[in-house]
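Worth saying up front: this structure is predicted, and the values here are computed from it rather than measured.
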Amino acid sequence: MNALQFDFTIPRYLLSKTIGRFIPTVFWNNHISCLQWRKIHEPTLPNEDWVKVKVKYGGICGSDMNLLYLHDSPSTSPFVSFPFTIGHEAVGQIDEVGSNVDRLSKGQRVVINPVLSCESRDMEPCPACMRGDQSLCINKNKGSIQPGLLIGACHNTGGSWGQYLVAHKSQIKPLPDEVDDLNGVLVEPFSCALHAVLRNPPSPNDNVLIIGGGLIGLSVLVALRALDIKCSITMLVKYSFQGEAAKSYGADHIVYLDKSYVGETARVLNAEVLRPVIGDEVIQGGADIVYECVGKDKSIKDSLRFTNSGGKVVLLGLASVTEKIDWTAVWLNELTIKGCFAYSFNEFEGENIDTMDIAIELMKRGKVDLSPLITHRFSLADYKLAFQTISKKQKKDVLKVIFDHDKTVGGSA
């Protein structure tokens, strides 16, 4: 089968890092980059507790692009195994079922929980897994398969940037008829946002600020509205098409990242703009809770200064190495900073439930429809065009790009 794999070598890393400063497309040049277009064997079941899935749609997320641009922190490298087929957002049909798997059948429509925790590694549950925090599992580099935080970062499993992947039976989530495949491929990213909200819910009548108008930022907005949390939501976005999407999903205020955004955001949040002797404006007051969904130096700085005293900042943005962050506001305003990775179990309607199951249930009830956010679909062979489209999102009005494994070569739909 054809697949897009990430195969790290020092020469490829150094060469693409150097040339990529001037020619960004080098990061998906098959001859130079760590990204490799290859024909490989289909992944095989590690044991009879696993199933093979034929992928229909595979998502391209911000963390994938972060990987291609070589922005990932080296601190995550012990938790991957090269070469790996990229892609952890997937919807498809079961193609093969291990003999120890019941309640799943060939041809069944499914999505995947890609987290490779103790159960999928044939290990006794660690303390995190025992309490339902599989995303915090301490054994992601141990057990019966090679290291990997997720399917899509593990050599054994494959990923959704290939036609087939394998997953442990515990990772398989059947899709009800009410949830179509376009929503199915977004169950995983929506679950990231849903997890952040369920673990860090606003109080009634709180002022909430969401920084970032990409899929994760919009998904936080959708999660807040789907859970009927009564709060005022302000979205800080970069592009007009992001603002239009945010408005359609129920944002109360839209602020655009232009020359006047600091004053406008402060005005909406009933905060005061103060001028230091040098440097960026200081904000007195602000949002009760900020969901930071970008992961860049600027967005993190804004998340800290736009949070009211005693408030909380939830970091959903990409893991990367940041520079020159002024942490004074954390100390001065006694802020709570909370990181948020992937999804686990969360309380929903009085029960402790897998976040992905909650996401699917909300979609089934008709409270969540993210399919309009998929703006572009490409065949896997058109990967260069897909990445170029993402890199020019303002010109192309790009919200979410996916690989369609049933699509023939020739652009997006």
Side-chain angles (χ1 to χ4, degrees), residues 1-5 40-61 84-122 134 143-146 148-191 342-343 353-361 363-364 370-371 374 377 379-380 402-407:
M1 70 175 190
N2 294 317
L4 285 169
Q5 292 197 315
I40 63 172
H41 295 294
E42 295 176 13
T44 58
L45 304 184
N47 59 51
E48 295 302 320
D49 290 325
W50 288 61
V51 301
K52 182 188 287 188
V53 174
K54 183 180 181 182
V55 180
K56 181 175 182 179
Y57 298 141
I60 306 173
C61 79
F84 59 82
T85 302
I86 307 171
H88 55 275
E89 301 173 357
V91 63
Q93 291 183 308
I94 294 177
D95 185 71
E96 182 183 348
V97 181
S99 60
N100 294 335
V101 178
D102 55 12
R103 296 189 297 277
L104 296 172
S105 58
K106 187 172 181 177
Q108 196 169 6
R109 293 171 58 245
V110 296
V111 296
I112 315 296
N113 180 336
V115 174
L116 294 167
S117 56
C118 289
E119 188 170 7
S120 56
R121 295 178 173 279
D122 296 315
Q134 285 84 354
S144 59
I145 57 174
Q146 293 186 46
L149 288 170
L150 308 162
I151 289 173
C154 174
H155 177 72
N156 300 111
T157 62
S160 65
W161 294 13
Q163 295 162 296
Y164 293 88
L165 57 80
V166 294
H168 189 269
K169 61 185 179 182
S170 63
Q171 298 174 275
I172 302 294
K173 304 292 181 182
L175 272 187
D177 292 340
E178 295 88 343
V179 181
D180 62 21
D181 289 334
L182 290 177
N183 272 292
V185 75
L186 299 181
V187 166
E188 192 279 338
F190 178 62
S191 296
Y343 23 76
I353 301 174
D354 188 314
T355 313
M356 294 191 79
D357 291 328
I358 302 171
I360 293 169
E361 179 62 23
M363 290 179 176
K364 180 181 176 181
L370 297 176
S371 60
I374 296 178
R377 285 184 272 174
S379 70
L380 190 66
I402 64 173
F403 287 124
D404 182 343
H405 290 283
D406 294 332
K407 188 173 180 59

Inset, instruction - Inspect the surroundings of NZ in K364 and state if more than 12 heavy atoms from other residues, nucleotides or ligands are less than 6.0 Å away. - result: no
Legend entry - Side chain proximity check, I172 to V51, heavy atoms < 4.5 angstrom: yes
Inset, instruction - Report the residues that fulfil ring-ring contact (aromatic ring centres under 6.0 Å, His included) with F403, sequence neighbours left out, ordered by chain and then residue number. - result: W161
Legend entry - Heavy-atom closest contact (V55 atom, A90 atom, distance): CG1-CB, 4.5 Å
Legend entry - By salt bridge (Lys or Arg N to Asp or Glu O under 4.0 Å) - contacts of E178 (at least two apart): none
Inset, instruction - May I ask you to test the I402-L182 pair for a side-chain heavy-atom distance under 4.5 Å? - result: yes
Inset, instruction - Give, for atom CD1 of I151 and atom CZ of F84, the distance between the pair rounded to the nearest 0.5 Å. - result: 13.5 Å
Inset, instruction - Would you tell me whether Y343 and E188 have side-chain atoms, one donor and one acceptor, within less than 3.5 Å of each other? - result: yes
Inset, instruction - Would you confirm whether S120, through its side chain, and H168, through its main-chain N or O, come within 3.5 Å as a donor-acceptor pair? - result: no
Inset, instruction - Give, for atom CG of D181 and atom CG of L175, the distance between the pair rounded to the nearest 0.5 Å. - result: 7.0 Å
Legend entry - Criterion salt bridge (charged side-chain N to carboxylate O under 4.0 Å, His left out) on D357 and K173, from CA distance to verdict: CA-CA 7 Å; D357 291 328; K173 304 292 181 182; 3.2 Å; yes
Legend entry - Distance-minimising heavy-atom pair for G158 and L165: C-CB, 4.1 Å
Legend entry - Heavy-atom pair with the smallest gap, counting every atom of H405 and S160: NE2-O, 2.9 Å
With a 3.5 Å cut-off and sequence neighbours excluded, list the donor-acceptor pairs that the side chains of residues 94-108 form with protein atoms.
{"residue": "S99", "atom": "OG", "partner": "E48", "partner atom": "OE1", "Å": "3.2"}
{"residue": "N100", "atom": "ND2", "partner": "D49", "partner atom": "OD1", "Å": "3.4"}
{"residue": "Q108", "atom": "OE1", "partner": "S105", "partner atom": "N", "Å": "3.0"}

Legend entry - Under 3.5 Å donor-acceptor, H155 side chain and Q146 backbone: no
Inset, instruction - Apply side-chain contact (heavy atoms from CB on, under 4.5 Å) to W50 and T157, showing your working. - result: CA-CA 10 Å; W50 288 61; T157 62; 4.0 Å; yes
